[in-house]
Amino acid sequence: MNIRLILLIMVVVVFAAGCGAMSFISGGGITLEQAYDTKQVEIIQNTAAGTIPHNVTIKNNGTKPLVVDKGTLLKSKESQDLVIIEDKKINPNNNDTVQAYCIEPDQKAVPGTTLNPSGTASSQIKQIIDSSNPSDLQNATQSQMQIWIIVSKGDVDVYTGEAMAVVQNQKTKYYQLQEKLDIAKKNVMSRFNLTSEGIQNISFTAESDNSANTWISDFRQWFKNNLGI
């Protein structure tokens with residue numbers, strides 16, 4: 001291929017990327033954390049303890065579209081913490097429901113509680129989310145168990161909090177939930193090449209991204225929300 005043609009294509013791609021990024025930054029949408037920091041959003045826990053996955057209502061009270069990213073962590077002092085498991089774009093002065101998995105097995109969900117965004121889940125938890133099927137209760141439950149294994153360092157107490165509520169909600173037995181957790185632990189160890197000791201050192205939150213990674217993430221998000229790519 002002609003070298004000039006290659007250079008021309010590269011210039012067009014770079015120009016398009018720059019325009020796309022600027023469009024995203026200036027008006028394509030704002031993130032959940034940006035909206036929360038400027039008091040333009042309400043995030044409310046909908047479902048009761050033991051639900052898999054949970055449902056969360058997000059109200060966009062701002063003037064720009066709200067970009068909700070899969071993997072965003074939600075925290076609360078009164079209720080359990082959650083991780084969002086789907087991408088959504090919510091129009092201004094509108095609301096929508098997003099699905100989320102529980103992060104804290106020892107803390108029960110409290111419907112009506114206000115949540116706030118607090119960082120991003122680790123790459124391991126994102127992989128679990130990506131391969132899960134929230135519409136299939138059995139599959140979603142196993143994904144939930146794997147997330148609990150990572151967060152609890154492999155030691156989940158089935159007699160407390162959300163874990164106990166799952167037993168009651170699914171009308172199962174405590175020993176059956178423990179069996180599912182044992183399977184989940186083996187799956188996590190195999191999937192991420194971990195030993196029992198290795199699970200102790202794995203984090204459930206993402207490390208801070210550098211500015212380049214953040215720009216790339218914003219650029220990808222703009223393409224996803226505006227072009228459907």
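For clarity, every value in this text was computed on a predicted model and none was experimentally measured.
Using a 4.5 Å heavy-atom cutoff, the side chains of M145 and L177 are in contact. Side-chain contact between Q146 and N187 is present, with at least one heavy-atom pair separated by less than 4.5 Å. Side-chain contact check for V56 versus I84: every heavy-atom pair is 4.5 Å or farther apart. Side chains of S122 and I202 form no contact here, defined as non-hydrogen atoms less than 4.5 Å apart. Within the 4.5 Å cutoff, no side-chain heavy atoms of T205 are placed close to those of T120. Side-chain atoms of Q142 and N139, non-hydrogen and from C-beta on, never get closer than 4.5 Å to each other. Between V166 and I52 there is a side-chain heavy-atom pair separated by less than 4.5 Å. Taking the side chain as every heavy atom from C-beta outward, R191 and Q127 approach each other to under 4.5 Å.
A side-chain donor-acceptor contact under 3.5 Å links T141 to the backbone of L137. A donor-acceptor pair is defined here as one N or O able to donate and one able to accept, closer than 3.5 Å; no such pair exists between the side chain of D106 and the backbone of T160.
Taking CG from L74 and CG from N116, the interatomic distance works out to 8.0 Å, rounded to the nearest 0.5 Å. Summarising the geometry, atom CD belonging to Q144 is positioned 9.0 Å from atom CD1 belonging to I85; distances are rounded to the nearest 0.5 Å. Annotation: the span from I149 atom CD1 to I147 atom CD1 amounts to 11.5 Å, rounded to 0.5 Å. If you take OG on S123 and CZ on F192, they are separated by 7.0 Å, rounding to the nearest 0.5 Å. The distance from atom CD of Q178 to atom OG1 of T172, rounded to the nearest 0.5 Å, is 12.0 Å. Note that NZ of K77 and CG of L115 are 13.0 Å apart. Values are rounded to the nearest 0.5 Å.
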Result block: side-chain N/O donor-acceptor pairs under 3.5 angstrom for residues 95-104, not counting sequence neighbours:
unit_1	atom_1	unit_2	atom_2	d
Y101	OH	S132	OG	3.2
E104	OE1	D81	N	2.9

For this session: Under the side-chain contact (heavy atoms from CB on, under 4.5 Å) rule, what do Q176 and K180 come out as? Steps first, then yes or no, please.
Result: CA-CA 6 Å; Q176 292 174 321; K180 291 180 181 179; 5.5 Å; no
For this session: Given side-chain contact (heavy atoms from CB on, under 4.5 Å), test I58 with V68 step by step and report yes or no.
Result: CA-CA 9 Å; I58 299 180; V68 180; 4.0 Å; yes
Problem set entry | Audit row: V41, N61, side-chain contact (heavy atoms from CB on, under 4.5 Å) steps and yes/no | CA-CA 5 Å; V41 68; N61 300 321; 5.9 Å; no
Problem set entry | Verdict with reasoning, K59 to I90, per side-chain contact (heavy atoms from CB on, under 4.5 Å) | CA-CA 8 Å; K59 299 179 180 179; I90 304 175; over 6 Å; no
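Residues forming a side chain to side chain donor-acceptor pair (under 3.5 Å) with N94 (at least two apart in sequence, or on another chain): none. For Q34, the side chain to side chain donor-acceptor pair (under 3.5 Å) partners two or more places apart in sequence, or in a different chain, are T31. Taking N46 as the reference, T57 meet the side chain to side chain donor-acceptor pair (under 3.5 Å) condition, with sequence neighbours excluded. T113 pairs by the side-chain contact (heavy atoms from CB on, under 4.5 Å) definition with Q45, S76, E78, S79, V110, not counting sequence neighbours. Qualifying side chain to side chain donor-acceptor pair (under 3.5 Å) partners for D37, counting only residues two or more places apart in sequence or in other chains: none.
Under the 3.5 Å distance criterion, with hydrogens and angles disregarded, a donor-acceptor pair is assigned to the side chains of H54 and E162. Counting only N and O atoms by type, the side chains of T38 and Q40 include a donor and acceptor under 3.5 Å apart. Under 3.5 Å, the side chains of E197 and N201 contain no donor-acceptor pair of N or O atoms.
Considering every non-hydrogen atom in both M189 and S196, the closest pair reads CE-N, 3.7 Å. Contact between K108 and A165 at its shortest, heavy atoms only, is CE-CB, 4.4 Å. Between S152 and P105, the shortest heavy-atom distance links the atoms CB-CG, 4.4 Å. Closest heavy-atom contact between E33 and P117: CG-CB, 3.6 Å. Minimum heavy-atom separation, S203 to I150: O-CG2, 4.1 Å. Closest of all the heavy-atom pairs between G62 and P92 is O-CB, 3.3 Å.
Around the NZ atom of K153, the shell of radius 6.0 Å holds more than 12 heavy atoms that belong to other residues, nucleotides or ligands. Sparse packing is recorded around CD of Q138, with 12 or fewer heavy atoms of other residues, nucleotides or ligands lying under 6.0 Å away. Remark: K126 NZ is packed, more than 12 non-hydrogen atoms of other residues, nucleotides or ligands lying under 6.0 Å away.
Ion pairing between a basic and an acidic side chain is recognised when a charged N comes within 4.0 Å of a carboxylate O; D69 and K88 show no such pairing.
Note on L194: it does not cluster hydrophobically with I183, by side-chain heavy-atom contacts below 4.5 Å among ILVMFWY residues. Hydrophobic clustering (side-chain heavy atoms under 4.5 Å, transitive across Ile, Leu, Val, Met, Phe, Trp, Tyr) groups I199 together with V158. When hydrophobic clusters are built by joining Ile, Leu, Val, Met, Phe, Trp and Tyr residues whose side-chain heavy atoms come closer than 4.5 Å, directly or via intermediates, L32 is grouped together with L82.
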